[in-house]
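For reference, the structure discussed in these notes is given below.
The sequence lines fix the lettering, A, B, ..., with proteins before strands; numbering per chain opens at 1.
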2 protein chains.
Amino acid sequence: MSDTRPYIRSEQRQSDTVEAVIRLCGERDPATLSTAAIAEAINLSQGALFKHFPNKKTLWESVARWVAQQLTGRIAATADGHSSPLAGLRAMFLAHVDFIVRHPGAPRLMLGELQKPDQSAARTVIMNAMTIYRGRIGQLLETAMAAGEVRADLDTDAAAVLYLGAIQGLAVQALVSGDMATAAQAAPRVLDIFLAGIREPQS
Amino acid sequence: MSDTRPYIRSEQRQSDTVEAVIRLCGERDPATLSTAAIAEAINLSQGALFKHFPNKKTLWESVARWVAQQLTGRIAATADGHSSPLAGLRAMFLAHVDFIVRHPGAPRLMLGELQKPDQSAARTVIMNAMTIYRGRIGQLLETAMAAGEVRADLDTDAAAVLYLGAIQGLAVQALVSGDMATAAQAAPRVLDIFLAGIREPQS
DNA sequence: CAAAAGAAAGTAATTGATTGCTTTCTAGTG
DNA sequence: CACTAGAAAGCAATCAATTACTTTCTTTTG
């Protein structure tokens, strides 16, 4: 059979591993993911995995870095190029939910990492990404306030918490039901309530 | 020393264990909690723990049951006896956050359990509690709508998701910063934005 | 009402399974 | 030929659970 395809470049193996871990996190508890299970997912022996990662902690760090980059990169960038800051905030919200729907393992991975109280590398990566992401939200809210799109007396910090909470609420809700489709369908409706909470109540 | 207190009733040991696990979950990852660590926390040998619990899974089920009871019992009850349904919703929110602040292990435990995709007993207990709790929120929103306290066109299901998300957002935020005090301080401010999002926008 | 009997609660040691990681050796690749 | 990628086996550590046995509390009975 030609399906035996050994001797794949280490770089490729690394990205394949990250992709596999994200996928596996969508199916089972990240905390119970063994190196054997990860290796099996990419058709590799358990020991050979350590030819591409010095240890498991570094592997997780790579995975965390991928998630962090999606968050602070592609997703945060969807806020750009809109007619108004609030429209950007809306687009970013929906892009974030869309990302979660297509990668259910991502939020599970993040929640799992945040459980660890020690200052592991992967946890730091996730935390930094969240800080940057939060900053982006706050920035959008501030400019929206300056543009008169939101209440002048709005507590932007609290609004950022609620914004993130809305996404986390949808993610957890999907985690409970095991159904991602309903979360995606509920997303714009939840977003509308949030926007109603921060908008100028005039007219 | 008289601190040696052997031969304690199994009932007492069980409740002591549940209490200890909740406390330990506030300090470390629930997934890494070994039976040895739990036993040590209540001054017991690892093997003796199985005199009071048939296995670890049942132990977790007991802990989950305690959290579920707090949620659907004491916390949900704080909504009663208020001048208006919205005032009840507000009180319940703050009581919930207060509970999380005093028991940081509770949300971590719940998030940890929800990670497990298999239908474990502990997971079912948590899921049922959340369903009941969600129902209580929906009920309060409906009566508030009937009383004209919230918009008549409000999507109550989406509002319930956002309500829970707000709490989860605060919990995760506290998990990241490691500081519960700031979450408690931010709670009423987040709540105000949520309430602004569902309230009748008149006057 | 004491003493024997038994149930309940405890310890220390051990079990088998699983974990992350290392070692040894083999086989393809540039 | 040197180097990288891989399999296969083995390593020490850790885990939940069980074992064999001891100690304390409770209950029955002569």
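- Within the helix from C:dC1-D:dG30 to C:dG30-D:dC1, the inter-axis angle between the opening and closing five-pair segments is 0°, rounded to 10°.
- Near DNA chain C, meaning a heavy atom under 4.0 Å away, the residues from residues 50-62 of chain A are A:Phe50, A:Asn55, A:Lys56.
- DNA chain C is contacted by both A:Gly47 and B:Ala48; B:Ala48 maps to the nucleotide lying nearer its 5′ end (nearest heavy atom per residue).
- Every residue was checked against the side chain to side chain donor-acceptor pair (under 3.5 Å) condition with B:Arg28, not counting sequence neighbours, and none meets it.
- With hydrogens and angles disregarded, a donor-acceptor distance shorter than 3.5 Å links the side chain of B:Ser62 to the backbone of B:Thr58.
- As rounded to whole Å, 15 Å separates atom C1' of C:dC21 from atom CG of A:Leu44.
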Which side-chain N or O atoms in residues 69-77 of chain A pair as donor and acceptor under 3.5 Å with protein atoms at least two apart or in another chain?
| unit_1 | atom_1 | unit_2 | atom_2 | d |
| --- | --- | --- | --- | --- |
| A:Gln70 | OE1 | A:Arg74 | NE | 3.3 |
| A:Thr72 | OG1 | A:Ala68 | O | 3.0 |

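- Residues B:His52 and B:Thr17 form no side-chain contact, since every pair of their non-hydrogen atoms from C-beta on lies 4.5 Å or further apart.
- Taking atom CG on B:Leu49 and atom P on C:dA12, their separation rounds to 15 Å, with Å as the unit.
- Proximity of a side-chain donor or acceptor of A:Arg13 to a complementary backbone N or O of A:Ile42 within less than 3.5 Å is detected.
- Side-chain atoms of A:Tyr133 do not come within 3.5 Å of backbone N or O of A:Asn128 as any donor-acceptor pair.
- Within residues 22-37 of chain A, no residue is approached by DNA chain D to less than 4.0 Å at the level of any non-hydrogen atom.
- Nucleotide D:dC15 holds its C1' atom 15 Å from the CD atom of B:Glu40, rounded to whole Å.
- Ring-plane geometry between A:Phe99 and A:Trp66 is classed as tilted, the angle between the planes lying from 30 to 60 degrees on a 0 to 90 degree scale.
- Residue A:Tyr7 places a side-chain atom within donor-acceptor reach of the base of C:dA27, judged by atom type and a 3.5 Å distance cut-off alone.
- Between B:Arg9 and the phosphate of C:dA7, there is no side-chain N or O to OP1/OP2 separation shorter than 4.0 Å.
- For B:Arg151 (side chain) and B:Gly197 (main-chain N/O), a donor-acceptor pair under 3.5 Å exists by modelled atom type.
- Of all non-hydrogen atoms in B:Ala41 and B:Arg23, the two that sit nearest each other are O-NH2, 4.3 Å.
- Here D:dG6 presents its P atom at 8 Å from CD1 of A:Ile42, a figure rounded to the nearest Å.
- Within the 4.5 Å cutoff, the side chain of B:Leu109 has heavy atoms near those of the B:Trp60 side chain.
- Remark: C1' of C:dT19 and CD of A:Gln46 are 9 Å apart, rounded to the nearest angstrom.
- Atoms CD (B:Gln12) and C1' (D:dC25) sit 16 Å apart, rounded to a whole Å.
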Please list every donor-acceptor pair under 3.5 Å in which a side-chain atom of residues 81-90 of chain B meets a protein atom from a residue at least two apart or in another chain.
| unit_1 | atom_1 | unit_2 | atom_2 | d |
| --- | --- | --- | --- | --- |
| B:His82 | ND1 | B:Thr78 | O | 3.3 |
| B:His82 | ND1 | B:Ala79 | O | 3.4 |
| B:His82 | ND1 | B:Asp80 | O | 3.1 |
| B:Ser84 | OG | B:Ala87 | N | 3.1 |
| B:Ser84 | OG | B:Glu149 | OE2 | 2.9 |
| B:Arg90 | NH1 | B:Asp192 | OD1 | 3.4 |
| B:Arg90 | NH2 | B:Asp192 | OD1 | 3.0 |

